[in-house]
Trainee: 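Following this message is one structure expressed as structure tokens.
Counting starts at 1 for both ligands and their atoms, in listed order. All values below come from the heavy atoms of this structure, side chains included, with hydrogens, waters and symmetry mates left out.
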Amino acid sequence: MALALVLGLFACGEPPSEADEPLNLLLVTLDTTRADQLGLYGWIAPTSPNLDALGAGGVVFERAYAPMGQTFPTHSTILSGLGPREHGVLENHSLLGERVATIAQTLRAKGWDTAGCIGAKVLSERTGIARGFDHWDERMPEREEGRATAERPAEQVADALIAWWDARAESASGSKPWFAWAHFFDAHQPFVAPEAFLDALDARAIAQQIAADPERWLGQSDLPPTEVVLAIAERWREYGAEIRYVDAQLGRLLAELEARGERERTVIVVVGDHGEGLTTHGEFGHGVNLYDELMHVPLVIAAPGGVDAGAGAGTRLAEPFGLVELRPLAEGLLLDGGERGGWNTLVRTGRLPSEPVFLERPHFSEQALIKRSGKRLDPYEFGSMLAVVHQGWKLLRQPSGVEVLFDLRNDPGEVHDRSQQEPELHARLAALLDEWLERHPVSDSGPVELSEERLRELEELGYLK
Ligand SMILES: [Zn+2]
């Protein structure tokens, strides 16, 4: 009788129960955030209390990799679910072509309200990445002479998103599901966090950590003189303070969701776009090589209980995960209860499929590479650099074709080339890379014409000379 009643109700087109209400999606991208500098990835300094807490109640991807070490290519991958060779954004000065559809376009077409609030003009509307967002906010602070700067602090990005939530709550669309993206740029150089965030971190403790294992933290076997280690630790403290500042703004957004009663209806995705060298392997910035300090990024997904997902709380996934897989995962959670993108399987098993993950540093001109690296071409060479991460190993192929093999589990600092000791493994990974290259020719979208405004934005951020 009860069953008949239930079936009857469904047959009459009864609205879906509360559990079937469409979920919101909050995407927070953390620019220039190196995974190993965060508490939930084992760092000793308290840089990320809010993200740590989110991870404890959600799913932590322990080995998420950016496809490239640059902002616009990786963000294009996060939003499109395509690798750089497919979406065609191989550099910050590229454009995302009309042929590429993003998650914002898909969700908007299916009834979600969409908003994007960015922290730097490297992702400006002119790039094409704003397609699919009903509301777009890239208002940068005014300079005295009245020209917009190219970046703004995370607090202003969070303000913009909260203002959008406020406006929605008062409008007729308040009952629709939403997708909101906040991009926090602060961990990018220069490191200028407010004093209070610096005070929370101790350079001496960081120096001790570095000195205890220079292979792990600096990517070199020799320990530099004490004053050098202290100077490096001071920069790490400044960088960590920026992360902590950003983390505080993440905490603000999460508290807002809670206060609005939306937390339990929202899938939260927090992800880095690439890391930062911070002198490891002799590099300070990003974009120039494919070591883990530049490519291994934080990724946490917290889904509400109710979908098959609540059970995932506290899950830590050890397998490598390429950000190209993020869109199907998030979209599947919203559109079909977590089946299509594989979310339900990973929550049920506590594992990801063991798939190889491919990384690339694109072909830079000699001049661009010298500018990025700040030094002569050695040891990078210009031309395309490639890597594959699989089952705890990373094979790195230099533009010259020279290959090195690292055991990431036992040599996380990527110091010892194991290709001589592991010839079969080396050959297997090299074959995977060759097959991938075969399947992914670089898309030829022709030369890109940049507007004067776009050139100025990139120049202000230091991307052009
Ligand atoms: Zn970036």
Side-chain angles (χ1 to χ4, degrees), residues 27-38 47-48 51 64-80 83-84 87 89-96 102 116-130 138 140 149-154 157 181-193 239-240 242-243 245-247 249-250 269-278 280 283-299 322-324 326 359-362 364 368 371-373 454 457-464:
L27 170 67
V28 178
T29 57
L30 309 175
D31 215 289
T32 323
T33 301
R34 172 173 162 171
D36 68 12
Q37 299 292 299
L38 304 176
T47 52
S48 52
L51 188 58
Y65 280 92
M68 264 187 193
Q70 294 183 81
T71 306
F72 183 29
T74 295
H75 277 90
S76 297
T77 290
I78 292 169
L79 292 175
S80 72
H87 59 56
V89 177
L90 296 164
E91 255 282 26
N92 281 331
H93 60 251
S94 303
L95 298 172
L96 186 62
T102 68
C117 303
I118 58 160
K121 290 272 191 170
V122 62
L123 299 175
S124 85
E125 193 170 12
R126 293 189 189 93
T127 64
I129 206 160
E138 60 176 59
M140 301 294 151
T149 54
E151 62 172 291
R152 60 176 166 174
V157 176
W181 168 32
H183 164 240
F184 293 146
F185 192 67
D186 306 71
H188 199 280
Q189 293 176 56
F191 304 151
V192 287
Y239 174 73
E242 289 280 27
I243 292 179
Y245 166 70
V246 165
D247 181 80
Q249 294 304 317
L250 169 66
V269 176
V270 182
V271 61
D273 71 339
H274 54 78
E276 185 79 327
L278 302 172
T280 308
E283 280 300 340
F284 201 85
H286 52 266
V288 285
N289 65 46
L290 297 175
Y291 291 116
D292 269 17
E293 59 270 18
L294 299 190
M295 309 307 290
H296 177 205
V297 292
L299 172 58
L323 293 192
V324 71
L326 182 53
L359 320 177
E360 182 166 13
R361 190 215 67 188
F364 287 134
K371 182 174 182 310
R372 275 189 170 273
S373 175
R454 182 69 186 141
E457 286 168 0
L458 291 165
E459 198 177 344
E460 274 202 50
L461 291 165
Y463 292 132
L464 295 178

Trainee: Look at the N, O or S atoms of H188, main chain and side chain alike, and state whether any lies under 2.8 Å from the Zn ion (ligand 1).
Mentor: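 So H188 does not count as coordinating the Zn ion (ligand 1).
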
Trainee: Could you check which N/O/S atom of D273 is closest to the Zn ion (ligand 1)?
Mentor: OD2

Trainee: In chain order, what residues pass the ring pair (Phe, Tyr, Trp, His ring centres under 6.0 Å) check against Y65, with sequence neighbours excluded?
Mentor: H296

Trainee: Suppose we screen for salt bridge (charged side-chain N to carboxylate O under 4.0 Å, His left out). Which residues come up paired with D292, at least two apart in sequence or across chains?
Mentor: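 Counting only residues at least two positions away or on another chain, D292 forms a salt bridge (charged side-chain N to carboxylate O under 4.0 Å, His left out) with R63, K394.
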
Trainee: Just by distance, do the side chain of E242 and the backbone of V192 share a donor-acceptor pair under 3.5 Å?
Mentor: yes

Trainee: To the nearest 10 degrees, could you say what angle the Zn ion (ligand 1) makes with OD1 of D31 and OG1 of T71?
Mentor: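 The two atoms form an angle at the metal of about 110°.
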
Trainee: Using the six-membered ring wherever Trp is involved, compare the ring planes of H183 and H75 and label them parallel, tilted or perpendicular (cut-offs 30° and 60°).
Mentor: perpendicular

